[in-house]
Amino acid sequence: MRIATWNVNSVKQRVARLLPWLDERAPDVVCLQELKLTDDAFHRLLDADLAARGYEAAVHGQSQWNGVAILSRVGLSDVVAGLPGGPGFPDQEARLVSAVCGGITVRSVYVPNGREPDSEHYRYKLEWLEALRALVADGGPQLVCGDVNIAPTDRDVFDPAAYVGQTHVTEPERAALRRLQEAGLRDVVRERWPNERIFSYWDYRAGMFHKDLGMRIDLILASDPIADRVAATWVDRQARKGKGPSDHAPVIVDLDEAPDGDIGPVVPPPSRVAKTSRLPQAKSDPRRQGGNKSD
DNA sequence: ATGCCTGAAGGGTTCAGA
């Protein structure tokens with residue numbers, strides 16, 4: 001089963017990139033963030049094109065900002081929109097949707113940005129993360145995928161000095177992320193590529209992508225029984241190239257079938273190549289791109 | 001230029017993003 005997460009920075013502006021990407025990568029489950037439109041607008045925009053590809057969608061949208069969704073072609077049930085008991089600003093924003101896909105509880109999250117350390121927005125971010133931790137700790141095995149707006153360590157930014165005093169790298173944010181992980185979630189991309197330069201976001205300005213000056217703030221976090229099934233992980237840098245990209249790239253994880261065989265994909269993964277991805281591979285193989293070498 | 005792009009809303013510009 002292939003799971004991906006992608007902050008699309010307006011799904012309306014990204015349709016022309018999203019649909020071909022679904023065809024090419026054939027993910028079974030996709031967590032989307034920053035839809036920037038309402039539920040109704042999402043369904044009008046995409047339902048037909050998604051259905052044609054076999055996807056159902058759990059959408060928690062919002063006008064103008066935020067908005068998250070889960071696309072699945074391996075079943076979609078038990079949909080919950082929002083973060084129960086979570087804080088608002090002042091009202092709750094559309095930053096979390098959960099569903100069961102292919103036998104796995106999946107959450108698409110868009111953690112608040114925080115804007116400035118010690119600001120109201122920053123405190124809101126920390127409160128939101130604590131509410132997410134409580135939700136995760138309360139649940140069983142699950143995947144938490146999305147834009148966490150935190151670079152877990154200094155390895156996850158192109159230059160720690162460039163971010164001193166800014167959000168995304170402060171110790172309270174990182175501590176909140178660690179507490180979330182201590183609730184039983186593993187950062188499976190970093191686990192697979194412990195020493196690689198891996199980014200998932202590059203500022204649109206100043207050629208940051210071309211120079212590979214980015215941050216890794218989009219994570220796939222998995223509970224033990226799911227993390228143990230990880231066969232391959234990578235950041236899909238191809239999706240950040242070319243005309244009209246999001247400023248984030250998708251992060252992709254392939255899971256082997258569950259050991260007991262009854263939590264498997266309904267649609268088989270496109271190939272078994274993922275199984276061999278720990279071996280050296282040709283540079284043209286996108287599965288190799290867990291490390292983000294410059295182009 | 002402490003905002004070098006991009007998107008949304010709404011109005012002929014401003015805010016937000018990380």
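Naming: A, B, ... by sequence-line order, numbering from 1 per chain.
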Separation between the C1' atoms of dG3(B) and dG7(B), rounded to whole Å: 14 Å
Residues Glu120(A) and Lys125(A) bridged, charged N to O under 4.0 Å: no
Whole angstrom value for the distance that separates C1' of dA16(B) from CG of Asp247(A): 12 Å
Aromatic ring proximity, centroids under 6.0 angstrom, Tyr201(A) and Phe209(A): no
Results of salt bridge (Lys or Arg N to Asp or Glu O under 4.0 Å) for Asp156(A) - residues two or more places apart only: Arg190(A), Arg216(A)
Check: Ser246(A) side chain, Asn7(A) main-chain N or O, donor-acceptor pair, under 3.5 Å: yes
Check: Trp21(A) ring centre within less than 6.0 Å of Trp6(A) ring centre: yes
Whole-Å distance separating the CD atom of Gln62(A) from the C1' atom of dG7(B): 15 Å
For Ala239(A) against Pro245(A), the heavy-atom pair lying closest together: O-CB, 3.8 Å
Nucleotide dA18(B), atom P - distance to CH2 of Trp202(A) in whole Å: 14 Å
Please write out the pairs of protein N or O atoms and N or O atoms of nucleotides 2-6 of chain B separated by less than 3.5 Å, giving the distance to one decimal.
unit_1	atom_1	unit_2	atom_2	d
dG3(B)	O4'	Arg205(A)	NH1	2.8
dG3(B)	N2	Arg205(A)	NH1	3.2
dG3(B)	N2	Arg205(A)	NH2	2.4
dG3(B)	N3	Arg205(A)	NH1	2.5
dG3(B)	N3	Arg205(A)	NH2	3.4

Length of the line joining Tyr201(A):OH and dA16(B):C1', which is rounded to integer Å: 11 Å
Check: protein-nucleotides 13-15 of chain B nitrogen or oxygen pairs below 3.5 Å:
none

Side-chain N or O of His121(A) closer than 4.0 Å to phosphate OP1/OP2 of dA16(B): no
Donor-acceptor pair, side chain of Gln166(A) and main chain of Ala162(A), under 3.5 angstrom: yes
Pair of N/O donor and acceptor under 3.5 Å linking dA18(B) base with Asn149(A) side chain: no
Touch class at under 4.0 angstrom, heavy-atom based, for Met208(A) against every strand present: nothing
Nearest-Å distance once atom C1' is located in both dG10(B) and dA16(B): 15 Å
Distance, rounded to the nearest Å, where Leu35(A) contributes CG and dG7(B) contributes P: 15 Å
Separation between the C1' atoms of dA1(B) and dG11(B), rounded to whole Å: 25 Å
dT2(B) to dG12(B) separation - C1' atoms, rounded to the nearest Å: 27 Å
Gap between atoms CZ and P, on Phe209(A) and dA18(B) respectively (whole Å): 18 Å
Proximity of His121(A) and Phe89(A) rings by center, below 6.0 Å: yes
Ser63(A) side-chain N/O to dA9(B) phosphate OP1/OP2 under 4.0 Å: yes
Interatomic distance where NZ belongs to Lys12(A) and P belongs to dA9(B) [whole Å]: 7 Å
Polar side chain donor-acceptor pair, Asp212(A) to Trp202(A), under 3.5 angstrom: yes
Gap separating the CD atom of Gln62(A) from the CD atom of Gln64(A), nearest 0.5 angstrom: 8.5 Å
Asn7(A) CG - dG17(B) P separation (whole Å): 12 Å
Comparing Val11(A) and Thr167(A) on DNA chain B - which has the more 5′ nearest nucleotide: Val11(A)
